[in-house]
Asks: 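Before I ask anything, here is the structure I am working with.
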2 protein chains.
Amino acid sequence: MRAHGTEGGVAQAVFRRFNALRPLPDEDAAALEHAILEGLLRAGPGEDLITEGDPVDSVRIVLSGWLFRHKTLEDGRRQIVNFILPGETCDAHAYLLSTLDHSITTATPVAYAEIKRARFEQLMAAHHALAEAFMCETLLNNAIQREWIVNLGRRSAFERVAHLFCEIFERLRPVGLIDGNSCSLPVTQTDLADATGLSVVHANRTIQELRASGLIVLKDRTLTIGDLEALKNAAMYSPGYLRLYRAK
Amino acid sequence: MRAHGTEGGVAQAVFRRFNALRPLPDEDAAALEHAILEGLLRAGPGEDLITEGDPVDSVRIVLSGWLFRHKTLEDGRRQIVNFILPGETCDAHAYLLSTLDHSITTATPVAYAEIKRARFEQLMAAHHALAEAFMCETLLNNAIQREWIVNLGRRSAFERVAHLFCEIFERLRPVGLIDGNSCSLPVTQTDLADATGLSVVHANRTIQELRASGLIVLKDRTLTIGDLEALKNAAMYSPGYLRLYRAK
DNA sequence: CGCGAGATTGACAATGATCAATTAGCGTGG
DNA sequence: CCACGCTAATTGATCATTGTCAATCTCGCG
């Protein structure tokens, strides 16, 4: 079963994630792993993998490290539109569009696999379950984007930041990247501000409020959530949107 | 060429849209039109087509009328997460997920086609270009959601509302629903407020500001944009995100 | 030790929310 | 035809949240 990496291998996060989202037949998992191993790459922190307006001709699957999608207005206001966490795919199918509407930048050193469009399409054609799995991933991503819209439109600063922390924690869980009640949070407060639509100053004060209320500890790029239920309540977090996989 | 409805038929909006997004071979268009005609349905204004948490077992394609996707927090705060305009598809592939994470409600009387999952999958399997076209639609929808995140996170109230108007106008253009520099805007100010993350009162004041600055006329559910470029400038609108179709 | 990035603080300004009426438009029943 | 009742739009007054500006602080690193 090494083939689908349930117990190691560079693509472990990917397979853990698919297992939670939409389990793959061994054969499909093996084919994917094969494709991944063909295209291993690395990037340092702060590198742009894709810039808004670039044409896209491959699919990238993140094996380790964090990235974020972001868009910037003419006058410099920046909004982070999503984080991309280990095991996630940058842009399945995005090659169907002419260019990308946003940029993708690494927050940490990142290991990823690049699969060329032709190779990816061939893989999808040959492995139906794999095609469905990537489709599911796109749909889940969609659901996350919608929840971000709610977050920005209708939650207070306090709720927003709390919600983001809950979401990240729950997204890291299936890939095995939480450790007890802690997880890594390798981004600056500026990034958190840009993800929550706040100014840096206010993001900072909000984080301090969260600390003061005993809901989180955030230190040395590590987030610790003492009482996840309490944090979720504070965030008006509704669990549904991340658990959308079809039982069978 | 009646088959793909370029010049009439109930599904005209659908085919106009696909033509702009990703043109279909006649055969595929005919197959789609056939499926649409099999499943024609109507709904009155203010009806919920799908409610958050419902399982989804079909795809709905809107032939005429407006709907919106929305999510509501426990305490009643509501956020409209997108509008669904004529020619657009409610949830291609959504049946892959267990349940929907949001609700879809009609804003006006709506005519739509419902295609059952099995039928839809059969259609996709038989018509590759059709499958790609629906995929493109999902990706475009994704891009719109991201732009909404920027809108809510980084634009002022004035810019937000202006941006929403620009977007709606540009989305109605390919389906032939703009008339000179006017289009229908069949939603209440409460809906606009919920789409832009503002209070109704402030949404109202913002609309009045837009009127006072001569950028728009909004009366009797009709939006008129005197100078679209000026409105786009005021909105910090960047054109890229709606023009993502691949030239070839 | 000095530098630079990131975090933090204080003072103040501004955007947008809330509360509470009031007005306008429209369809219905008498 | 007109009063009533409803929904949507509008207004005024006030309050709260969040942004801006300008320092200062902390800490890892050469």
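The sequence lines fix the lettering, A, B, ..., with proteins before strands; numbering per chain opens at 1. Side-chain atoms are counted along with the backbone in the values below, which use heavy atoms only and exclude waters and symmetry mates. Here the structure is a predicted model, which is why all the values come from computation and not from measurement.
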Asks: So Gly197(A), base contact, sugar-phosphate only, or nothing? Heavy-atom distance under 4.0 Å.
Replies: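 Sugar-phosphate only.
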
Asks: Under 4.0 Å, counting only non-hydrogen atoms across every strand here, what does Ser156(B) touch: a base, just sugar-phosphate, or nothing?
Replies: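 Since only primed, P, OP1 and OP2 atoms lie under 4.0 Å of Ser156(B), the category is sugar-phosphate.
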
Asks: Does Asn204(A) place a side-chain N or O at less than 4.0 Å from the phosphate oxygens OP1/OP2 of dT8(C)?
Replies: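 Yes, Asn204(A) has a side-chain N/O under 4.0 Å of OP1/OP2 on dT8(C).
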
Asks: Could you state the atom-to-atom distance from CZ of Arg160(A) to P of dT17(D) in whole Å?
Replies: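 After rounding, the gap between these two atoms is 13 Å.
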
Asks: Mind checking if Ile207(B) touches a base, just sugar-phosphate, or nothing, with heavy atoms under 4.0 Å?
Replies: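 Since no nucleic acid heavy atom lies under 4.0 Å of Ile207(B), the category is nothing.
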
Asks: Let's go through Trp148(B) and Glu167(B) carefully: what are the C-alpha distance in whole Å and the side-chain angles of both, what is the deciding distance for side chain to side chain donor-acceptor pair (under 3.5 Å) to 0.1 Å, and is it a yes or a no?
Replies: CA-CA 10 Å; Trp148(B) 279 49; Glu167(B) 180 185 304; 3.0 Å; yes

Asks: Report which part of the nucleic acid Arg211(B) touches: base, sugar-phosphate, or nothing (heavy-atom distance under 4.0 Å, all strands).
Replies: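 Answer is sugar-phosphate: Arg211(B) comes under 4.0 Å of backbone atoms only.
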
Asks: Within the 4.0 Å heavy-atom criterion, would you say Thr188(A) contacts the bases, only the backbone, or no part of the nucleic acid?
Replies: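 Contact class for Thr188(A): sugar-phosphate only.
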
Asks: For Arg221(A), which contact category applies under a 4.0 Å heavy-atom criterion: base, sugar-phosphate, or nothing?
Replies: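 Sugar-phosphate: the residue Arg221(A), judged by heavy atoms under 4.0 Å, touches backbone atoms but no base.
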
Asks: Measure the distance from CD on Glu209(B) to C1' on dT15(C) and round it to the nearest whole Å.
Replies: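 After rounding, the reported distance stands at 11 Å.
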
Asks: Would you call Arg155(A) and Glu147(A) a salt bridge, taking side-chain N to carboxylate O under 4.0 Å as the test?
Replies: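 Answer for the salt bridge query: yes.
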
Asks: Distance check needed: dT8(C) P versus Leu192(A) CG, whole Å only.
Replies: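 About 11 Å, once rounded to whole Å.
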
Asks: Find the distance Arg77(A):CZ to dG19(D):C1' and express it as a whole number of Å.
Replies: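 Computing the Arg77(A):CZ to dG19(D):C1' distance gives 12 Å.
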
Asks: Check this for me: does any side-chain nitrogen of one of Asp191(A) and Arg78(A) sit under 4.0 Å from a carboxylate oxygen of the other?
Replies: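 Salt bridge between Asp191(A) and Arg78(A), a charged N being under 4.0 Å from a carboxylate O: yes.
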
Asks: Starting at CD of Gln208(B) and ending at P of dG16(C), how long is that distance when rounded to a whole Å?
Replies: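 Taking CD of Gln208(B) and P of dG16(C), I get 15 Å after rounding.
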
Asks: Please work out if Arg155(B) contacts a base, only the sugar-phosphate, or nothing of the nucleic acid, heavy-atom cut-off 4.0 Å.
Replies: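 No contact.
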
Asks: Taking atom P of dT18(D) as reference, at what distance in whole Å does atom CZ of Phe158(A) sit?
Replies: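 Phe158(A) atom CZ is separated from dT18(D) atom P by 11 Å.
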
Asks: To the nearest angstrom, how far is His202(B) atom NE2 from dA17(C) atom P?
Replies: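 Going from NE2 in His202(B) over to P in dA17(C) covers 6 Å.
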
Asks: Remember a base hit wins even if backbone is also touched, and classify Val201(B) as base, sugar-phosphate or nothing at under 4.0 Å, heavy atoms.
Replies: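 Base contact.
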
Asks: Just the rounded figure in Å: distance from P of dA13(D) to CZ of Arg205(B).
Replies: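 After rounding, the gap between these two atoms is 10 Å.
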
Asks: Name the closest nucleotide to the Gln189(B) side chain, picking from dA9(D), dA7(C), dG19(D).
Replies: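 Nearest to the side-chain atoms of Gln189(B), counting from C-beta on, is dA9(D).
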
Asks: With under 30° as parallel and over 60° as perpendicular, where do the rings of Phe68(B) and Phe83(B) fit, or are they tilted in between?
Replies: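 Because their plane-to-plane angle is over 60°, the rings of Phe68(B) and Phe83(B) count as perpendicular.
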
Asks: With Glu159(B), which residues qualify under side-chain hydrogen bond (donor to acceptor under 3.5 Å, both in side chains), at least two apart?
Replies: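 Applying side-chain hydrogen bond (donor to acceptor under 3.5 Å, both in side chains) to Glu159(B) gives Arg77(A), Ser156(B).
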
